[in-house]
**Q** 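Pasting in a structure now, in structure tokens, and then I'll have a few things to ask.
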Amino acid sequence: MITTPQHYETAFAGDDLRTIADARRWTREVLTSANLPEGLVDDALKCVSELATNAARHTRSGEPGGKYQVVVEVIAGRQAHIEVVDQGGEHAPDIQLGRGESGRGLWICATLGVLQHCAAPSGGRRVWVDLPHPTCANAAHGPDGSER
């Protein structure tokens, strides 16, 4: 059975770092109303925090009047797609495996789920994480496919 994802999106001012807390709060409301497990919600909040912070600090979304968009999709009541669309910048996201100050947050997102990015039609960038990580999703089921 194929189910249509529940789709939610909203925009936040990127030139005010306080909106990152608003993005987390909004994401929590969406995911808890969809009855996703608390652990998955916690992972999603870590990811939206990192992606929104990157948009506000490293792209034109953080300039005066800039915005970033948060997209959340709930798939089959068990998975979440967390996406931030920014207004673009000079550099593509870079995952640093514990080296330096920058990029470690994206590495954390990549360990929690499948992290990807691409150019957005608007000239900005889309960065997203699909949760849970496929190996975690498979671990939640027994050999016969039943839930543990």
**Q** Looking at R28 and E38, does any basic side-chain N land under 4.0 Å from a carboxylate oxygen?
**A** yes
**Q** Over all heavy atoms of both residues, which pair between G77 and L36 is shortest? Give the atoms and the distance, please.
**A** O-CD2, 3.1 Å
**Q** Might you point out which heavy atoms bring R125 and T59 nearest each other, and give the distance in Å?
**A** NH1-CG2, 3.8 Å
**Q** Quick one: do I82 and I75 end up in the same hydrophobic cluster if we chain Ile, Leu, Val, Met, Phe, Trp and Tyr together by side-chain heavy atoms under 4.5 Å apart?
**A** no
**Q** May I ask whether I108 and V84 are part of the same hydrophobic cluster, defined by side-chain heavy atoms of I, L, V, M, F, W, Y residues being less than 4.5 angstrom apart, directly or through others?
**A** yes
**Q** Do L115 and V127 touch side chain to side chain, with heavy atoms closer than 4.5 Å?
**A** yes
**Q** Kindly write out the residues that satisfy ring-ring contact (aromatic ring centres under 6.0 Å, His included) with Y8, not counting sequence neighbours, or none if the list is empty.
**A** none
**Q** Roughly how far, to the nearest 0.5 Å, is CD of E50 from SG of C109?
**A** 5.5 Å
**Q** Assess R126 against W128: is NZ or CZ under 6.0 Å from the centre of the six-membered ring, and within 45 degrees of the ring's axis?
**A** yes
**Q** Throw together a table of side-chain donor-acceptor distances under 3.5 angstrom for residues 13-23, partners on residues two or more places apart or in other chains.
**A**
unit_1 : atom_1 : unit_2 : atom_2 : d
D15    : OD2    : G65    : N      : 2.9
D16    : OD1    : R18    : N      : 3.0
D16    : OD1    : R18    : NE     : 2.9
D16    : OD2    : R18    : NE     : 3.4
D16    : OD2    : R18    : NH2    : 3.1
T19    : OG1    : A13    : O      : 2.7
T19    : OG1    : D16    : O      : 2.9
T19    : OG1    : Y68    : OH     : 3.1
D22    : OD1    : R25    : NH2    : 2.5

**Q** Nearest 0.5 Å, what's the CD-NE2 distance between Q116 and H81?
**A** 9.0 Å
**Q** For the CG atom of L45 and the CG atom of L31, what is their distance to the nearest 0.5 Å?
**A** 7.0 Å
**Q** Looking at every heavy atom in both A55 and S61, which two are closest together, and how far apart are they?
**A** O-CB, 3.5 Å
**Q** Report the distance from atom OG1 of T10 to atom NZ of K67, rounding to the nearest 0.5 Å.
**A** 9.5 Å
**Q** How long is the gap from CD on E83 to CD on E9, to the nearest 0.5 Å?
**A** 8.5 Å
**Q** Search all heavy atoms of V129 against all heavy atoms of L51 and return the closest pair with its distance.
**A** CG2-CD1, 4.2 Å
**Q** Are V71 and F12 linked, directly or through intermediate hydrophobic residues, by side-chain heavy-atom contacts shorter than 4.5 Å (ILVMFWY only)?
**A** no
**Q** Over all heavy atoms of both residues, which pair between Q6 and A34 is shortest? Give the atoms and the distance, please.
**A** OE1-CB, 4.1 Å
**Q** Grouping I, L, V, M, F, W and Y whenever their side-chain heavy atoms are under 4.5 Å apart, do V30 and V70 come out in a common cluster?
**A** yes
**Q** Hydrophobic clusters here meaning ILVMFWY residues chained together by side-chain heavy-atom distances under 4.5 Å, can you tell me if V48 and W26 are in one?
**A** yes
**Q** To the nearest 0.5 angstrom, please state how far the SG atom of C47 sits from the CG atom of L106.
**A** 9.5 Å
